[in-house]
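To keep things clear, I will list the structure first and then write my remarks on it.
Naming convention: chains lettered A, B, ... in sequence-line order (proteins, then strands); numbering from 1 in each chain. Below, all heavy atoms of this structure are taken into account, side chains as well, without hydrogens, waters or symmetry copies.
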Protein chains: 2
Amino acid sequence: MFSQRAIEALKKEGFKITKPRKWIVEFLENNTSHPSAVEIYEQLRSKDKSFSFATVYNTLDVLVKSGIVRQISTDPKCSRFDPDLSNHGHFYCNKCGAVYDIFDIDINFNELKGKVEEYQLNLFGICEKCLKGGN
Amino acid sequence: MFSQRAIEALKKEGFKITKPRKWIVEFLENNTSHPSAVEIYEQLRSKDKSFSFATVYNTLDVLVKSGIVRQISTDPKCSRFDPDLSNHGHFYCNKCGAVYDIFDIDINFNELKGKVEEYQLNLFGICEKCLKGGN
DNA sequence: ATAATTGCAAAAGCTTTGCACGGAA
DNA sequence: TTCCGTGCAAAGCTTTTGCAATTAT
């Protein structure tokens, strides 16, 4: 479902509540695989053929600006999106390309130039599933 | 100059010592701005017009495989490359797009799924220069 | 009503690929 | 000499843009 948090965040920024915005938030909030724009596009296309890439990117931009989802730069091939705003990192599997959440992280950076608005921790390696020959 | 470390790393992997490899290593080792493929291409083009993008990307791939440079995913627009393999993070300025090194970082992650080969810490915000109205 | 948002198509930017020529070992 | 690497051009992907039609408020 479309969370109350998202509705209020959109309204607070003066954005309208539209079908693409509802659908994309809903899809992301029910998904822990950090979908890319292409994956979001394909999923929504399967529900409504009149869905465009421009809308996906416009919508994601609005959702990021509203603080509803976060854009992560873990995948070297494309941007991915995460509705979990809590302090956590991401593990990218160099073999299968999956992105996993990593909690229990503790970071201290002392040398601070400029104003930090956000930080991301990306781990790269081979995931459990691939190590076991699953993929 | 072309460091001894780089020559030995290339030879160890069975790669040949060629002009593009020398030039790109030299450029990166004398540069702390984390150049992108395009910036590397432009710099080398100014020395030799018969330089191609394919060579830049092939070369960077070889250099990463040889452990001479590191590919970083800090810039949302493109990959950047860093000859400093030490444990440090990067700050991306959302206004001017510059990438700065951040040392003195302390990271502890407890929950480890899979085999971690590398990690990257990316900070996003507004850099000192932009805060002061420099850019 | 009216201003924001969508959908389409085209384009822009980064990166990869295939293949003939040239150069390092 | 032999094979790896380069250079070129073309193509592939992700993402952006311009504009007319549509929709939320």
**Asked** Between D:dC4, C:dT15, C:dA4, which nucleotide gets closest to the side-chain atoms of A:K16?
**Response** C:dA4
**Message:** Can you measure A:K11 atom NZ to D:dA24 atom C1' for me and round it to whole angstrom units?
**Reply:** 11 Å
**Item:** Length of the CZ-C1' vector between B:F81 and C:dT15, whole Å
**Value:** 10 Å
**Request:** Quick one: pull up CG in A:D101 and OG1 in A:T32 and give me the separation to the nearest 0.5 Å.
**Result:** 7.0 Å
**Which nucleotide in D:dT14, C:dT17, C:dC14 has an atom nearest any side-chain atom of B:A54** = C:dT17
**Asked** Would one find a side-chain N or O of A:T59 under 4.0 angstrom from OP1 or OP2 of C:dT5?
**Response** no
**Asked** Rounded to the nearest 0.5 Å, how far apart are CG of B:L63 and CD of B:Q71?
**Response** 11.0 Å
**Request:** To the nearest Å, give me how far apart NZ (A:K65) and P (C:dA4) are.
**Result:** 14 Å
**Asked** From D:dT15, C:dG18, D:dT14, pick the nucleotide closest to the side chain of A:F53?
**Response** D:dT15
**Request:** Quick one: closest heavy-atom pair of A:L10 and A:K16, and the distance?
**Result:** CD1-O, 4.4 Å
**Message:** For B:F81 versus B:L28, what's the shortest heavy-atom pair and its separation?
**Reply:** O-CD2, 3.8 Å
**Request:** Take the protein atom CZ of B:F15 and the nucleotide atom P of D:dG5, then report the distance between them rounded to whole Å.
**Result:** 6 Å
**Message:** Let's see if you can work this out: which of C:dG23, D:dG7, C:dT15 has an atom nearest to the side-chain heavy atoms of B:T55?
**Reply:** D:dG7
**Request:** Using atom CD1 of A:I7 as one end and atom P of D:dA24 as the other, report the distance to the nearest whole Å.
**Result:** 14 Å
**Message:** So, does B:T18 get its side chain near the phosphate of C:dG23, meaning an N or O under 4.0 Å from OP1 or OP2?
**Reply:** no
**Message:** If the cut-off is 4.0 Å, is B:R21 near the phosphate of C:dA24, judged by side-chain N/O to OP1 or OP2?
**Reply:** no
**Asked** Counting just side-chain N and O atoms, does B:Y57 come under 4.0 Å of either OP1 or OP2 of C:dT16?
**Response** no
**Contact under 4.0 Å: A:S50 side-chain N or O vs C:dT6 OP1/OP2** = no
**Integer-rounded Å distance: D:dA9 C1' and B:Y41 OH** = 12 Å
